[in-house]
There are 2 protein chains.
Amino acid sequence: MPINKTTISDVAKHARVSKSTVSQFINERFDYMREETRERIEKAIKELNYQPNNVARSLKLKSTATIGVVVANILHSFSTQVIRAIEDKLNENDFSTIICNADDEPAKEKKYIETLLGRQVDGLIVFPTSGNQGLYKSLEDSNFPIVFVDRYVSDLNVDTVLLDNEKAIHLAVEHLLNNGYKDIAILTTSLENAVVPRLERIQGYRSAMERFELPLREDYIKSLDLSVMKNGISKLFQLEKPPQAIVSGNDLSLMEFLKYVSEHNVKIGADVGLVTIDEIPYAGIHNPPLTTIAQPAFEIGEKAVELLLHKFDSNKHNQPKIYRFDPSIIVRKSSEKAGAKL
Amino acid sequence: MPINKTTISDVAKHARVSKSTVSQFINERFDYMREETRERIEKAIKELNYQPNNVARSLKLKSTATIGVVVANILHSFSTQVIRAIEDKLNENDFSTIICNADDEPAKEKKYIETLLGRQVDGLIVFPTSGNQGLYKSLEDSNFPIVFVDRYVSDLNVDTVLLDNEKAIHLAVEHLLNNGYKDIAILTTSLENAVVPRLERIQGYRSAMERFELPLREDYIKSLDLSVMKNGISKLFQLEKPPQAIVSGNDLSLMEFLKYVSEHNVKIGADVGLVTIDEIPYAGIHNPPLTTIAQPAFEIGEKAVELLLHKFDSNKHNQPKIYRFDPSIIVRKSSEKAGAKL
DNA sequence: CTGAAAGCGCTTACAG
DNA sequence: CTGAAAGCGCTTACAG
């Protein structure tokens, strides 16, 4: 029982013109339409409360004006922010968006991508899990419009938009050093699935140690599954020489760290400096406020849409590239030894 | 350039059967199909990497297996949680979801609903703004499947799922009283658009004052636009008799309150007790941890989907109702005078 | 300036 | 057990 079963034929009859002419009207091709005809059609549409059926239109035009977005894990606040930007930008361009959350499971991701293709989306923006090389490859081969976000997939030639992760870690380490913290550890979620940002952030940590001429201690690199992370943090602080500061690789590792700190009465800032990647919503109101390395989520989302829409534009087919965006640091109290006064 | 331009005709030719038979296969109607035919079709589908075009299917079947969700304001964490539940539940039932955010603007809401109808969604779940009575009414009249969430619309006969807001405030007030706070104020976002939960929460505050035999002070009721809220909070604390505790009506008012508190060095718990409606993600890691009144977001979303899907089921057309869900309190340190020790 | 006709890719009653 | 045909609601080249 749809709200409106009026079709273009009804309107045509009511206005005493042909379907073709009504279609011209709907698509605003008034070039050759008599004023009087136009008015009649307008009136008929109003009277019948007609609304065109977009499914029929899509079938004929072979375009749904819909983009599928498949996000590896929507729990990261960064993902949410990028998605908002993507939606806004797509909306501006009269595209609808269908969001799917793969929950970090390649099988789910695959199912979603196939469903979206079945629904004839015009393009895909994917935060890829790392488990569907074959599918990505076939999308690339068939020249289907696709853009990756947050993670690239090696051996693939697809437009990708992501953070300069190495720079992000260097920013964090440099800032902590400048604030008097020397022994710096990194904490991030599991590397099991070879997720690009995590890998690059660990790599960035290593190169930062070298660049700033600090000893590289493997026991300062904690890349753990969420379920065992608190335990790992515990071990970190039981080391003979516990770290003076922590770089948290993302919001999930941050959450675990904050829980640990709260339970063990550790004072962030005074006892241990903290910088975390990603500007989370509560960074400013946390006590003490958290120094973050912000990703330009809005720009990243916008760029992804831009790259995708570009593919629909005629023949200008650029060579796919990886686009790196610069992080920025938002300095608050958590990285200040005298900061946590509250 | 879709990934796969193979159609049912191609498969039919390849398998040397008719389109009808392929269609039977796709829809798993094997009743009268010879084993051998089935195998031939299966093979053809694999070889051609055929994927059915759902747009064509939808046109024929007059059903898109898609539900539109229009949320008044996605910035409320409660909305996000409910939406996740809705998506999960719909997914289980093989429906896709299209989410739209009305940004509290009735005009946007209207545009989205119309777009969704044009895209032939099978039903709508709406967190209604309060500005489209006419549209809601016409949806109701045309018997289009729709469920409201979080807010009801008066004079309308539509299934609605929402919190027992009065109970929520009573829980908060009672808890604060039990913990020794006497003068309790309520802080919430603007009532300008007559948004149901806010109205009911203010109303709940009034009835709580009566129930617990407390004097009702109008200057303890702060219902303000976000842009002037901090100022309003300031005024609250400059009163001759400032409140000892605050009930925050939602996560946005909470944010403003926490900012104020942080800037003015007020100690939550010791100086002013706090209970906030909605279980926000950082409640547990805030310093001090925040006592919240949780909405059963998951159940609310699930119920909304259930009610909607029920409408597709044959003839069992129940009379539309309002379903109220019970809040629960999650006690943490922000409502404890001796709590904020950290 | 407007209409008749074909076709987008499916599904489904019906005939055989 | 399988196929031919009609039709879902649009759009568009083409004819007039």
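Below, chain A is the first sequence line, B the second, and so on; all start at residue 1.
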Phosphate-side-chain proximity, [X] and [N], N/O vs OP1/OP2 below 4.0 Å:
X	N	result
T7(B)	dG9(C)	no
S18(A)	dT2(C)	no
N27(B)	dT11(C)	yes
R29(A)	dT11(D)	no
Y50(B)	dG9(C)	no
T21(A)	dT2(C)	no

If I take atom [atom1] in residue [X] and atom [atom2] in nucleotide [N], what distance separates them, rounded to the nearest angstrom?
X	N	atom1	atom2	result
L61(B)	dG7(D)	CG	P	17 Å
K19(B)	dA6(D)	NZ	C1'	10 Å
R57(A)	dG9(D)	CZ	P	16 Å
D10(B)	dG9(C)	CG	C1'	10 Å
L48(B)	dG9(C)	CG	C1'	15 Å
L59(B)	dC8(C)	CG	P	13 Å
E28(B)	dT11(C)	CD	P	12 Å
I8(A)	dA4(C)	CD1	P	14 Å

* Asked: Do the side chain of K60(B) and the base of dG7(D) come within less than 3.5 angstrom through a donor-acceptor pair of N or O atoms?
  ->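 Check passes, donor-acceptor contact within cut-off.
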* Asked: On a plain distance test, is the side chain of T37(A) in donor-acceptor contact with the base of dT2(C) below 3.5 Å?
  ->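 By the distance-only test, no, there is no pair.
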* Interatomic spacing from CG in D159(A) to CD in Q319(A) - rounded to 0.5 Å ->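 Rounded to the nearest 0.5 Å, the CG-CD separation comes to 9.0 Å.
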* Quick one: look up who dG3(D) pairs with, Watson-Crick or G-U, both distances under 3.5 Å, and put none if it's unpaired. =>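 dC14(C) is the nucleotide pairing with dG3(D).
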* **Heavy-atom donor-acceptor pair, Q51(A) side chain to E114(B) backbone, under 3.5 Å** =>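 Such a contact is found between Q51(A) side chain and E114(B) backbone.
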* Asked: Does any N or O in the side chain of Q81(A) come within less than 3.5 Å of the main-chain N or O of A297(A), such that one atom is a donor and the other an acceptor?
  ->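 No, because the side chain of Q81(A) does not come within donor-acceptor range (under 3.5 Å) of the backbone of A297(A).
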* To do: Show your reasoning for whether salt bridge (charged side-chain N to carboxylate O under 4.0 Å, His left out) applies to E140(A) and K137(A).
  => CA-CA 5 Å; E140(A) 190 202 351; K137(A) 183 75 183 132; 3.6 Å; yes
* Asked: Counting side-chain heavy atoms from C-beta on, which of dG3(D), dG9(C), dT11(D) comes nearest to N53(B)?
  ->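 Closest of the options to the side chain of N53(B): dG9(C).
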* **Earlier contact from the 5' end, DNA chain D, for Q24(A) and R16(B)** =>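 Upstream on the strand: R16(B).
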* **side chain to side chain contact (heavy atoms under 4.5 Å, CB included) partners for Q133(B), two or more places apart** =>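 Testing Q133(B) for side chain to side chain contact (heavy atoms under 4.5 Å, CB included), a comparison that skips the adjacent residues, returns V153(B).
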* Look at all strands and tell whether V17(A) reaches a base, only sugar-phosphate, or nothing, counting heavy atoms closer than 4.0 Å. =>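 Touches sugar-phosphate only.
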